[in-house]
Amino acid sequence: MKNKYGDFLSDGTGFRITTPDIPRNWYNYLWNDNYITFVSQTGAGEGFAQDGMGNRIGLVAERGLYLLRGEASWGICGLPVEQENESYECIHEPGVTRIQTKKNGISAAVTFFVPAEDTCEIWNVSLRNDSGERQELKLIGACGTVVDDRYTRQGYNVSAASFDREFNGIICRRHCDFAGEKNRQFLGFMALSETADSYECTVNGITGPYGSFAYPKCLKTGGLTGTDGNSEKLAFALQKNLALEPGESAELAFVCGVAFSDEEAGELRRKYRKQADVLAAKEEAQQRLLSRVEQVEIQTPDRELNHLFLWLKHQANMGSRWARVRHNGYRDMTSDTECLAAVNPQLALTRFKRVLSYQYSNGYAPRTISGGRICDNNFSDNGVWIPFTACTILKELGDRSFLEETVPFNDGSEGSVYEHVRCSVEFLYHFRGRNGLIRIWGGDWNDCMNEAGMNGEGVSVWLSIAWYRANEMLREIAEICGRQQDAVLCRERGLEMQEIIETYGWDGEYYLTAISDDGTPIGSRDNEEGKMFLPPQLWAVLSGVSRDGRHIRAMDAVEKYLSTPLGTVISVPGYTKYDSRIGSVTLKPAGVHENGGVYLHTIAWKIAADAMLKRRENVERDLECILPFRNKVVDGRAEPYILCNSYFGEQTGYRYGTPGQSWRTAAGPWLEKALIQFVFGLMPRMEGLSIDPCLPKSWKRCSVKKVFRGACYHIQYENNGPDVVEILADGQAVLGDVLPYEEGKEYQIRVITGVKRGK
């Protein structure tokens, strides 16, 4: 299904946008372990370097690439969007964005990427004269920057930047705390692969006091004037004068980066002088990202979903390292690492040990790591994600030895991975309040219930359910490791918590979400607003906590109360007035994000829960809802190649169906996990890879390739109903649901559901 603004490439490697003028910027994220940037279909975006403790060096805040020919001037990345181009396209691929335009007989292409290792971003420009006449051009690359902090009106910017002729670029020298060193000098720079003919070092010199990077003033005045910057808002711009004969081409690269010495900056500049080296670096960067998520591939009757799946894996990879980008959320990195483990458990283990190092030795895990500090932010749930991730990695790898590896805590003490997992469960077990449920404190997964438990009495039913699941996973891990005393204790505590949840968390038709400090239930039929929340109902299924079929009744209530044409909303009805007993969720407009919106992270959980219950009609419907190119209200308004965090509900009026932020959400990683482990049913166990799918009815034929512990499984599904009736491995019937395994072997698997062949 082609979107009116573009389509997936036929080989599934990227998405082509055919006009710069779309309802909002559609972004691509480019990164390595030290530097991250994002780029829209017009080149807009930001980029920064970061150390292990969340100290950041802001570099790119704006981008612009322009051509001047006599009195004519234009942008070559699609800005301003009102300009008429002879042709335009932007192709976003994992690791690379390429924008191509043609105007005034000049074909231009700009390729943006972040090298595999270096702390910089590259803008590689190619120009070709297709006009039939000699053309004298000025190419300008401009970079708005926050290397000298952000601009505020009537504020101070007292840094300096200047053009260094030997370096052939602009350098700003500053100091910051970075990589464990106080007041470390660094260089923020912009360099050019060819000798620059002019430059500017300030925003005013590029845009003028009233202009913008969409069409800066320097284009009207004939180019850059060669002015350094001192004590005003800095920006970097370099100009190259070119003369192209008919059919002649030119290629050159802009390098925007961070270095910690003149020698390091010079090395980076020299490294990307030759076009062959630039192209090789681009290929290396892209292949590294792709290779990290190539262990699982899917084919379904839905072409767009097949292509999207690559981006979902890519989104999990980014979140596992960079969390939500705007901050390094502990929960976010841990949960996304759990999802990454389904496609690359080796990389997930590396990321997991990194995240564990921020945990406290008492088991508590902080909310985020930012600005050189570990920030608790009074959140209760961060540690609960640790056992989920450990258990997933363990079963994917089938090797328990990593559990005995030593990983530091944030106070410098050390413990095995197993101890990190155990103490996270232990801490929350003792962090209990009213009725023995776990305290919500300043928020659980729902960040915006940040005032429900600040007095220490408020509790979270959802977190207590999630703890039950974490405790069950710790019990499994303990049994696998032969720690029977821990396993017995987990079993006893699990039964205790199960009784508490069923006694105090059940509201007659579904589960509460929390109880505030003053004893007011949240997510109860007795509430005026916020009568029901989706997460605890889903986790009652995912955790196995409920008794007497209550999880079935809760999921029936979900369909009864939360289902809307846009999708399953996270809560009803949305809050319309502030409630200090709950928190900032009540300040958001009704229908927005956690306050009654269609929150896609929870939709991904719902797909998993419905698959566990074999409700394949619901799985198919929820896929139609969550996919931005399938949802009829959302189509054309959100990036079709990546997931956002939410769709705004009908209460928002003209904003109905508007997407929330893209990329920086667990919705994509969890949809990847839900598809692999619950829809296709490829669940790792210590004894091997098991198959128990719940496929949408319309997927009569589909397939998965999964590399598992060094074996490769090519799995073909013949979908005739909800239940698996036969599994064949290389033509031989499989007893049970666990596939045969031999490291290094390739298997041809057939899974028949519903009715045996020939019947």
Side-chain angles (χ1 to χ4, degrees), residues 6-17 26-39 47 90-99 109 111-118 120-122 124 276-300 303-322 325 336-337 339-351 396 639-643 662-664 668-669 671-673 675-676 680 682 703-708 710 712-714 746:
D7 195 11
F8 286 98
L9 300 181
S10 58
D11 62 2
T13 58
F15 191 91
R16 177 186 288 109
I17 301 170
W26 287 359
Y27 291 111
N28 192 10
Y29 276 74
L30 318 170
W31 72 89
N32 59 36
D33 281 350
N34 305 304
Y35 186 89
I36 188 167
T37 193
F38 56 93
V39 184
C90 169
I91 296 177
H92 286 319
E93 295 180 281
V96 175
T97 286
R98 181 178 172 87
I99 301 172
T111 302
F112 299 94
F113 70 96
V114 170
E117 300 287 349
D118 297 326
C120 64
E121 59 181 76
I122 310 295
N124 195 43
D277 293 335
V278 172
L279 296 178
K282 177 186 76 71
E283 289 298 318
E284 179 190 9
Q286 188 168 28
Q287 287 306 310
R288 173 177 291 196
L289 290 171
L290 290 172
S291 68
R292 288 179 166 179
V293 296
E294 65 184 3
Q295 295 183 31
V296 182
E297 298 174 3
I298 72 171
Q299 286 294 322
T300 75
R303 166 185 172 269
E304 286 79 15
L305 175 58
N306 301 336
H307 296 336
L308 173 68
F309 186 71
L310 170 62
W311 291 90
L312 299 179
K313 297 183 293 180
H314 191 52
Q315 194 172 3
N317 182 17
M318 187 195 82
S320 178
R321 173 58 184 83
W322 285 96
V325 182
D336 287 358
T337 298
C339 298
L340 178 64
V343 296
N344 191 334
Q346 297 85 0
L347 178 59
L349 176 57
T350 299
R351 298 269 174 81
E396 288 283 354
E639 289 99 320
Y641 50 86
I642 206 75
L643 289 195
S662 63
W663 281 92
R664 303 184 307 194
L671 180 58
E672 165 252 292
K673 177 183 173 73
L675 286 168
I676 296 170
F680 287 105
L682 301 178
S703 64
V704 178
K705 184 196 87 170
K706 180 173 170 68
V707 176
F708 180 76
C712 184
Y713 296 93
H714 301 272
E746 293 204 20

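Just the heavy atoms: all of them, side chains too, but no hydrogens, waters or symmetry mates, feed the values below. Worth saying up front: this structure is predicted, and the values here are computed from it rather than measured.
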Side-chain donor or acceptor of [X] paired with backbone N/O of [Y] under 3.5 Å:
X: Asn306; Y: Thr300; result: yes
X: Asp336; Y: Arg321; result: no
X: Gln315; Y: Trp663; result: yes
X: Trp322; Y: Asn32; result: yes
X: Glu639; Y: Tyr27; result: yes
X: Arg98; Y: Glu93; result: no
X: Asn344; Y: Arg292; result: yes

Checklist entry - Between Val96, Ile99, Thr37, Asn28, which is the residue that forms a side chain to side chain contact (heavy atoms under 4.5 Å, CB included) with Phe112? => result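 Between Phe112 and the candidates, side chain to side chain contact (heavy atoms under 4.5 Å, CB included) is satisfied uniquely by Ile99.
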Next on the checklist: Nearest 0.5 angstrom please: Ile298 CD1 to Leu312 CG, how far?
Outcome noted: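 Interatomic distance, Ile298 CD1 to Leu312 CG, rounded to 0.5 Å: 8.0 Å.
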Next on the checklist: Let me confirm one number: the CG-CG distance from Leu289 to Leu30, rounded to the nearest 0.5 Å.
Outcome noted: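 Going from the CG atom of Leu289 to the CG atom of Leu30 covers 8.5 Å.
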Item to check | Check against side chain to side chain contact (heavy atoms under 4.5 Å, CB included), Phe113 and Gln286 | outcome: CA-CA 8 Å; Phe113 70 96; Gln286 188 168 28; over 6 Å; no
Next on the checklist: Below 30° counts as parallel, above 60° as perpendicular, anything between as tilted: where do the rings of Tyr713 and Phe708 land?
Outcome noted: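 Tilted.
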Checklist entry - Between Trp26 and Tyr641, what is the ring plane arrangement, given parallel below 30°, perpendicular above 60°, and tilted in between? => result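 Plane angle over 60°, so perpendicular.
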Item to check | Trp31, Phe309, Phe15 screened by ring pair (Phe, Tyr, Trp, His ring centres under 6.0 Å) with His314, the one that passes | outcome: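 Of the listed options, the one satisfying the test is Trp31.
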Side chains of [X] and [Y] in contact at under 4.5 Å (non-hydrogen atoms):
X: Gln287; Y: Leu290; result: yes
X: Val114; Y: Tyr29; result: no
X: Leu279; Y: Asn124; result: yes
X: Leu340; Y: Arg351; result: yes
X: Leu305; Y: Leu675; result: yes

Between [X] and [Y], which heavy-atom pair has the shortest distance, and what is it?
X: Cys90; Y: Thr97; answer: SG-CG2, 3.9 Å
X: Ile642; Y: Ser662; answer: CG2-CB, 4.0 Å
X: Gln295; Y: Pro345; answer: OE1-CD, 4.0 Å
X: Cys712; Y: Lys705; answer: SG-CG, 3.8 Å
X: Ile122; Y: Pro115; answer: CG1-CG, 4.0 Å
X: Ala285; Y: Ala116; answer: CB-N, 3.9 Å

Item to check | Derivation and outcome, side chain to side chain contact (heavy atoms under 4.5 Å, CB included), residues Ile36 and Met318 | outcome: CA-CA 10 Å; Ile36 188 167; Met318 187 195 82; 4.2 Å; yes
Checklist entry - How far apart are the C-alpha atoms of Lys313 and Glu672, what are their side-chain angles, what is the distance that settles it, and do they pass the salt bridge (Lys or Arg N to Asp or Glu O under 4.0 Å) test? => result CA-CA 6 Å; Lys313 297 183 293 180; Glu672 165 252 292; over 6 Å; no
Next on the checklist: Please determine whether side chain to side chain contact (heavy atoms under 4.5 Å, CB included) holds for the pair His714 and Ser703, giving the CA-CA distance in whole Å, both sets of side-chain angles, and the decisive distance to 0.1 Å.
Outcome noted: CA-CA 7 Å; His714 301 272; Ser703 64; over 6 Å; no
Next on the checklist: Quick one, Asn317 with Val343, criterion side chain to side chain contact (heavy atoms under 4.5 Å, CB included). Give me CA distance, side-chain angles, the key distance, then yes/no.
Outcome noted: CA-CA 9 Å; Asn317 182 17; Val343 296; over 6 Å; no
